[in-house]
There are 2 protein chains.
Amino acid sequence: MIDKSSPLPIYYQIQEMIRKKMNAGEWEPGDMLPSERIFAEEFEVSRMTVRQAIIELVNEGLLRREKGKGTFVAEKKLEQTLQGLTSFTEDMKARGFEPGNILNYFRETQASSDAAKALNINENAKVYEMQRIRLADKEPMALETTYINANLIKGLTEEHAGKSLYQYIEKELNLKIGFADQTLESAVAGKNEAVLLNIKKGDPILWISRLTHLQDDTPFEYVKSAYRGDRYKFSIHMPRDEHSS
Amino acid sequence: MIDKSSPLPIYYQIQEMIRKKMNAGEWEPGDMLPSERIFAEEFEVSRMTVRQAIIELVNEGLLRREKGKGTFVAEKKLEQTLQGLTSFTEDMKARGFEPGNILNYFRETQASSDAAKALNINENAKVYEMQRIRLADKEPMALETTYINANLIKGLTEEHAGKSLYQYIEKELNLKIGFADQTLESAVAGKNEAVLLNIKKGDPILWISRLTHLQDDTPFEYVKSAYRGDRYKFSIHMPRDEHSS
DNA sequence: TATTTTAGATGGTCTAGACAACTATATTAA
DNA sequence: TTAATATAGTTGTCTAGACCATCTAAAATA
């Protein structure tokens with residue numbers, strides 16, 4: 001497993017081995033890894049070398065160590081980052097609301113003009129399109145329309161509307177999600193939004209558009225959400241770099 | 001300098017020592033630090049212990065190492081973060097507008113109710129309060145009201161309204177800026193905003209509130225901005241963690 | 001039975017070296 | 001003078017231990 005004559009550092013080889021086992025699902029979140037001493041014995045290396053491998057993975061957030069207990073596979077960052085930042089469900093829970101959904105429609109269709117532009121595809125290219133009313137404590141909070149590039153994300157069904165789309169993409173399709181760009185702008189409700197959100201025409205709404213990309217920068221999902229201005233505030237924390245004098 | 005009998009780990013003490021010297025300006029960006037062996041000899045500790053201190057500082061971005069050459073103080077990232085993210089001037093330049101200001105007033109007064117609440121001070125505590133109309137290509141873009149805790153940030157004058165407040169705080173007062181929390185919400189313009197922003201009553205506006213904190217978590221600045229909904233979109237990039245399987 | 005003690009396992013810190021890889025400088029040979 | 005070579009100094013990697021602090025579970029005790 002470990003090649004001591006390789007030009008690759010031993011600690012690096014151990015790192016890669018651990019990464020692989022985690023990716024293969026052999027070690028799952030919460031699982032305890034063999035102790036440093038066991039690793040050292042197994043690979044016939046010094047414990048410090050094992051530690052060097054593990055410390056880096058801990059810094060990356062892949063592993064978690066607890067003194068006196070052991071080293072564990074960390075919970076997936078998946079939920080913490082994009083998921084946490086973009087999931088309506090998580091957002092509402094964090095605000096103390098009970099999230100809910102009403103699916104207006106789910107269909108496979110041709111891309112509309114703005115969706116095609118955002119997703120960087122032709123106007124007649126196939127997309128999945130769905131519209132949901134997002135509820136918080138059973139009262140409408142947002143009207144959300146999602147467009148997904150059907151040539152990239154294949155095999156999507158109405159079932160996925162309720163579950164985690166990102167999970168499906170990463171686990172089933174084995175694609176890596178990269179980043180998302182959002183824009184926020186203020187507007188007033190038109191007749192359509194007013195009816196669906198149970199507010200009056202001319203009431204303020206917050207338009208949030210999200211364009212989600214794969215790791216290779218290909219956009220695959222375009223979401224337009226109209227949040228009720230009377231119920232929703234968008235919050236953002238901007239940390240200063242730790243290292244700045 | 002290093003207390004081996006201290007309960008604080010030696011590597012941690014070395015870290016703190018290095019941090020202090022950098023903050024004190026004794027070691028400036030680009031400077032080469034004493035080599036690991038020199039440190040080890042000076043403190044009479046093992047070189048591995050010195051390395052543990054340095055490696056963490058490198059991970060934090062404070063130091064930079066080059067094999068065969070040495071360890072150096074990294075360039076600082078001052079302007080990149082908060083400054084870039086919160087400065088109207090920078091924001092407008094990036095959007096291709098020519099930024100401008102009209103100062104409506106600057107005064108030292110007692111904190112209003114919501115400002116006091118945000119800044120976590122008494123309602124009769126002294127604050128600097130200023131209101132500016134922010135222009136983009138000579139046309140109103142936002143109406144901005146700023147409240148600053150006058151007991152924390154002393155000696156502010158009308159002069160500072162046009163210049164960089166953060167620069168003054170960090171360079172002159174020697175305080176460290178920590179982070180900022182922003183909230184965005186949609187609303188419609190009242191009579192006052194409509195007049196000052198040259199729009200109609202009932203037109204959409206985007207309220208952006210920012211609460212800026214010092215490094216010790218003390219809030220010192222509260223800014224309420226009303227952006228014209230027809231001119232302004234707020235953008236945010238959400239990178240996925242590099243390390244996620 | 002319930003509580004306390006103890007033993008064993010874990011990660012956290014540290015040592016006093018070693019050799020490899022890389023960089024810059026000084027020396028030597030063409 | 002120029003090019004090749006040695007040298008010294010740097011970080012990178014690694015060893016084979018050591019002791020400490022914390023946690024868990026088994027064993028001893030009340």
Side-chain angles (χ1 to χ4, degrees), chain A residues 1-19 21-22 27-75, chain B residues 1-19 21-22 27-75:
Chain A
M1 191 95 77
I2 300 296
D3 179 6
K4 288 205 184 186
S5 66
S6 163
L8 294 169
I10 295 174
Y11 77 91
Y12 183 80
Q13 295 182 47
I14 296 176
Q15 259 181 35
E16 287 305 290
M17 184 275 295
I18 294 174
R19 276 186 221 274
K21 293 218 177 184
M22 288 198 302
W27 290 335
E28 301 210 314
D31 284 1
M32 185 174 138
L33 265 63
S35 76
E36 297 172 353
R37 285 174 179 83
I38 302 266
F39 268 136
E41 196 179 344
E42 181 183 342
F43 300 137
E44 295 179 313
V45 297
S46 159
R47 188 179 149 219
M48 287 298 277
T49 305
V50 174
R51 278 182 68 79
Q52 187 174 1
I54 290 177
I55 284 171
E56 272 196 39
L57 294 173
V58 169
N59 284 339
E60 289 179 13
L62 279 168
L63 298 180
R64 168 175 51 85
R65 288 191 294 184
E66 290 181 44
K67 192 194 295 192
K69 294 172 82 173
T71 305
F72 306 87
V73 178
E75 308 305 321
Chain B
M1 191 94 77
I2 299 295
D3 179 6
K4 288 204 184 184
S5 66
S6 163
L8 293 169
I10 295 174
Y11 78 90
Y12 183 80
Q13 295 181 46
I14 296 176
Q15 260 181 33
E16 289 303 292
M17 184 277 295
I18 294 175
R19 276 187 221 274
K21 292 219 177 184
M22 288 199 302
W27 290 335
E28 301 210 317
D31 286 0
M32 184 175 143
L33 265 63
S35 78
E36 297 173 353
R37 282 179 179 80
I38 303 258
F39 268 135
E41 197 179 342
E42 181 182 343
F43 300 136
E44 295 179 311
V45 297
S46 161
R47 190 180 147 221
M48 286 298 274
T49 304
V50 173
R51 277 182 71 77
Q52 186 173 3
I54 290 177
I55 284 171
E56 273 197 40
L57 293 172
V58 169
N59 284 339
E60 288 180 16
L62 276 170
L63 299 180
R64 169 176 52 84
R65 287 192 294 182
E66 289 180 45
K67 191 196 292 194
K69 295 174 79 174
T71 305
F72 305 87
V73 178
E75 312 301 322

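Numbers restart at 1 for each chain; the letters A, B, ... are given by sequence-line order, proteins then strands. All of these numbers come straight from a predicted model, not from anything done at the bench.
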Gap between atoms [atom1] and [atom2], on [X] and [N] respectively (whole Å):
X	N	atom1	atom2	value
B:Leu8	D:dA21	CG	P	13 Å
B:Phe43	C:dT15	CZ	P	12 Å
A:Glu41	C:dG11	CD	C1'	17 Å
B:Phe72	D:dG9	CZ	C1'	12 Å
B:Ile54	D:dT10	CD1	C1'	12 Å
B:Met32	C:dA24	CE	P	11 Å
B:Glu56	C:dG12	CD	P	11 Å
A:Ile38	C:dG11	CD1	P	9 Å

Verify the contact: side-chain N or O of [X] to OP1 or OP2 of [N], cut-off strictly under 4.0 Å; return yes or no.
X	N	value
A:Thr71	C:dT10	no
B:Tyr11	C:dT13	yes
A:Ser35	C:dA9	no
B:Arg65	D:dT10	no
B:Lys69	C:dA21	no

Check: Who are the side-chain contact (heavy atoms from CB on, under 4.5 Å) partners of A:Leu57, not counting sequence neighbours?
Finding: A:Gln15, A:Ile18, A:Arg19, A:Glu60, A:Leu62, A:Leu63
Note to self: Among residues at least two apart in sequence or on other chains, which ones pass side-chain contact (heavy atoms from CB on, under 4.5 Å) with A:Lys67?
What the structure shows: none
Notebook entry, point to check: Which part of the nucleic acid, if any, lies within reach of A:Ile10 when heavy atoms closer than 4.0 Å are counted: base, sugar-phosphate only, or nothing?
Noted result: sugar-phosphate
Item checked: Residues that B:Tyr11 engages under ring-ring contact (aromatic ring centres under 6.0 Å, His included), provided they are two or more places apart -> none
Checklist line | First of A:Lys67 and A:Glu44 reached from the 5' end of DNA chain D, by closest nucleotide | finding: A:Glu44
Next item on the list: Hey, could you give me each pair passing side chain to side chain donor-acceptor pair (under 3.5 Å) that has a residue in residues 40-50 of chain B? Not counting sequence neighbours.
Entry: B:Glu36-B:Arg47
Margin query: Can you tell me how far apart CE (B:Met48) and CD (B:Gln52) are? Round to the nearest 0.5 Å.
Written below: 8.5 Å
Check: What heavy-atom pair brings B:Glu28 and B:Val73 nearest, and what distance separates the two atoms?
Finding: O-CB, 3.4 Å
Item checked: Pairs satisfying ring pair (Phe, Tyr, Trp, His ring centres under 6.0 Å), at least one member in residues 48-69 of chain A, at least two apart -> none
Next item on the list: Would you indicate which nucleotide in C:dC14, D:dT15, C:dT15 comes nearest to any side-chain atom of B:Pro9?
Entry: C:dC14
Can you tabulate the close N/O pairs, meaning under 3.5 Å, that link protein atoms to atoms of nucleotides 17-19 of chain C?
{"from": "C:dA18", "atom 1": "N6", "to": "B:Arg47", "atom 2": "NH1", "distance (Å)": "3.3"}

